[in-house]
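Letters go in sequence order (proteins before strands), and every chain restarts at 1. Quantities reported herein were computed from a predicted structural model and do not represent experimental measurements.
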Amino acid sequence: MRRFSGRLRSALIIGIQGIRARKTRTLLSIVSLFLGVLAVVVVQAGAEAANKAALANIELMMGKDGTVQMWVPDEKHALSLTLDTLKGRTDAVGTLGTSATIGEPGVNPVNPGGGPFDQPGEYGPMGGGQFYCDTRGYCKEVPQQQQAEQPPVGAAIELGLTGFTGDIRPFRPYKLTSGKWLDFSGPPSLAPRIVVNKVAAKGFARYQIPAEMRIRGAIANPTPHIIGVVDDGQDRPMAYVRADELTNWVPTTTAGTFGGMEILRTQEATDVEQILKRRLLADGLTNDQFSSMVIQSKKEIEGQLAMFRLIFLGIAGLVLLIGVAGILNVGLATVGERVEEFALRRAVGTPRSLLAGIVLAETLLTGLFTAAAAIGVASLCLKIVSRVLAGRAAFLADMEFPWQAGVAGILAGLIAGLLGGLIPAIRAARIPIATVMRA
Amino acid sequence: MTALIELSGVTKTLKGQQEPRTILSGVDLSVHAGESVAVLGRSGSGKSTLLSLIGLFDRPDGGQYLLNGKDITKLRERRAAALRSAEFGFVFQRFFLLKHLTAAQNVAMALVNGQGWLPRRHRKARVMAALEQVGIAHLAKHRPARLSGGEQQRVAVARALVRQPKVLLADEPTGALDTETGNLVIEVLHATTEMGCGLVLVTHDWDHARRMGRVVRLSDGVLHPEDVEVGV
């Protein structure tokens, strides 16, 4: 171990001396290798950015991989039967989706259609009617009465409202940021307790609005009680409520209010699906009206991203190979010039392995210097790009240089140094000592 | 007393593209600690080949080579490198100083060779002592381009002495120097024998040879003692 340490130190000392003695050649090697290493760093950074953009909220929005997702239509008594079947279960949760407006009555909400607050949409004519389109391109027809009256924009916020039959977090891991999550253990309250998402919380903080909630299809307007804020990965305002507190005000018998029900269950909870199917079939529904599937969104997207990453890394690898050829060329020329030096070093007792180590130390250090330069340039470019383009792509706003790209750059530099230095190193180790005697 | 170096019946044949050529055929030579031996001979007589066998640059085809009484005739390269570092010092006709290093760094080259590790301050002390020994400590920070031929060869001698070798092998060390500078270098080399170092000097110069303790002539692949007055 001590002998190894001595040789390593010797190789580093002599390698650094060699680099300092041949600065121009080292610089040329760095230049030839730079594009290849930069390509690897950029591909890795791009892949990480794509991963971040595509995967960050996938579990929150779609559900964890392995969760079974089932759809039940809003027909006959399907919703009430489903709610009854899921009552008290923790291994299967049903979700009922609708929309609600909280605030002043008789006004247009500040975000018609339940869009984000920072990117308001626009009203406009479409196909003979008046429509409101949000920034995502989702358009909603403005009712005739509202068109005629054109109520003013007032102190009200429109949001998506989802009722849960149980704790959804084992399937969609919402992150509580303040307050508390819904409690499903006690009896339902007549004043619905709601948990809002971060986007909605931002709206409530920005606008002073009265606490009256108008739910689509509700028999009366309840007063909500906001108990917490969660990060749900959504970019539009959402509120979550216990399904039984929601159905106190919105009867499931009102057809078309909820449009159907989504059920998320564990793979083990097959009995829920079997019981539910039997009850729905008995109610008059047919087999083709409900379907189920296993969520694999993360895995599928990861697979696609990994394939793209491999393709681009392959291209970057080719560019890197050109750099390796550059280092190899310079390395061979340098060893050719240093025949006497290496023969002399052997004469004074330097082992062959150390001679090879000296050449490799030089090329590896060159690779490392190149990696440092490439990482620095890539990091700087990312900062500039994220500042310039932050307005156009939200995920770029808080984008930091990913450490994986740094590691990839260092590895690329080291591999290039190793490949480019291997043959010169072998040649250096084979130089005969007799060279110094014949000189 | 055991000889530092003892060659008995050493042979060496060079296998070229044509006929194999016998360079050494039955060389006997012993060198004791503190003894100096000059090897004379015509060009191509095998003086340098003999020196490369003694210095473990190459292996003999036949015969026996004892170093301090130990048989090292068929040594592996790794062990030979360790012995070259620990036991031998080499001075060549050309100085082989690395132009990008200072005189001190050139001397330190023999210490930074992967054979044991010396901390920086110990290395520095050894280097300065070696430069002191050859009288050019004040030139430690000079690069070779700023040194005269004699000074450069003295740096090379310091490089050979820095590991405190038991045997110093010098292959025509004055070949590239004028007479006066050559004499100075021979004096420095000869002084090492007073500290118990064995010296083998290959030379063409009679005057330098006669200053050694013993003179031998290599002829037809065999060493013959030379009948001259030595030690003058």
Side-chain angles (χ1 to χ4, degrees), chain A residues 1-27 334-362 425-426 428-439, chain B residues 14 46-53 55-58 76-102 105-120 123 143 156 159-160 162-163 165 169 171-172 175-176 202:
Chain A
M1 191 65 195
R2 194 175 163 166
R3 190 174 72 182
F4 176 72
S5 161
R7 287 193 185 173
L8 192 67
R9 289 185 197 187
S10 301
L12 277 176
I13 288 176
I14 301 167
I16 290 168
Q17 283 175 347
I19 286 175
R20 288 176 65 183
R22 280 164 282 274
K23 291 189 189 83
T24 311
R25 285 203 170 179
T26 306
L27 184 68
T334 307
V335 168
E337 274 179 11
R338 296 165 75 185
V339 167
E340 287 181 0
E341 178 194 334
F342 288 126
L344 177 73
R345 288 192 185 279
R346 279 195 66 197
V348 298
T350 307
R352 288 173 190 272
S353 57
L354 181 54
L355 288 182
I358 291 166
V359 176
L360 277 179
E362 287 179 18
I426 292 169
R430 285 183 178 167
I431 290 170
I433 316 181
T435 308
V436 283
M437 303 297 288
R438 287 196 291 266
Chain B
L14 291 184
K47 302 186 298 292
S48 294
T49 305
L50 175 65
L51 214 58
S52 50
L53 290 183
L56 301 174
F57 293 178
D58 205 350
R76 282 175 170 269
E77 168 54 26
R78 188 185 288 183
R79 180 84 188 111
L83 278 180
R84 277 200 299 274
S85 171
E87 310 284 343
F88 294 96
F90 301 93
V91 182
F92 305 101
Q93 180 176 355
R94 282 177 55 200
F95 324 123
F96 292 121
L97 299 183
L98 302 184
K99 60 183 179 184
H100 60 278
L101 302 181
T102 62
Q105 286 171 326
N106 267 291
V107 175
M109 175 205 271
L111 294 174
V112 186
N113 65 355
Q115 308 286 0
W117 180 253
L118 277 180
R120 194 190 178 110
R123 277 206 312 267
R143 291 185 195 280
R159 185 178 61 201
V162 73
R163 276 215 178 242
L169 304 174
D171 186 16
E172 309 252 15
V202 166

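Asp171(B) contributes atom CG, which lies 8.0 Å from atom NZ of Lys47(B) (distance to the nearest 0.5 angstrom).
With respect to chain A, the highest number of heavy-atom pairs below 4.5 Å among Asn113(B), Leu83(B), Leu101(B), Leu111(B) belongs to Asn113(B). Considering only heavy-atom pairs separated by less than 4.5 Å from chain B, the leading option among Ser353(A), Ala21(A), Ala343(A) is Ala21(A). Across Ile358(A), Leu355(A), Leu344(A), Ile14(A), the residue that shares the most heavy-atom pairs under 4.5 angstrom with chain B is Leu344(A).
Note on ring orientation: taking the six-membered ring where Trp is involved, the planes of Phe92(B) and Phe96(B) are perpendicular (angle over 60°, cut-offs 30° and 60°).
The closest donor-acceptor contact from the side chain of Gln115(B) to the backbone of Gly349(A) lies under 3.5 Å. At least one donor-acceptor pair under 3.5 Å links the side chain of Asn106(B) to the backbone N or O of Leu98(B).
Contact annotation for Arg163(B): neither backbone nor side-chain heavy atoms come within less than 4.5 Å of a heavy atom of chain A. Of the two parts of Glu172(B), neither the backbone nor the side chain holds a non-hydrogen atom closer than 4.5 Å to a non-hydrogen atom of chain A. Both the backbone and the side chain of Phe57(B) come within contact range of chain A, each with at least one heavy atom under 4.5 Å from a heavy atom of that chain. Neither the backbone nor the side chain of Leu118(B) comes within less than 4.5 Å of any heavy atom in chain A.
Under the 4.0 Å criterion applied to side-chain N and carboxylate O atoms, Arg84(B) and Glu77(B) are assigned as salt-bridge partners.
Thr334(A) pairs by the side-chain contact (heavy atoms from CB on, under 4.5 Å) definition with Arg22(A), Arg25(A), Val330(A), Arg338(A), not counting sequence neighbours.
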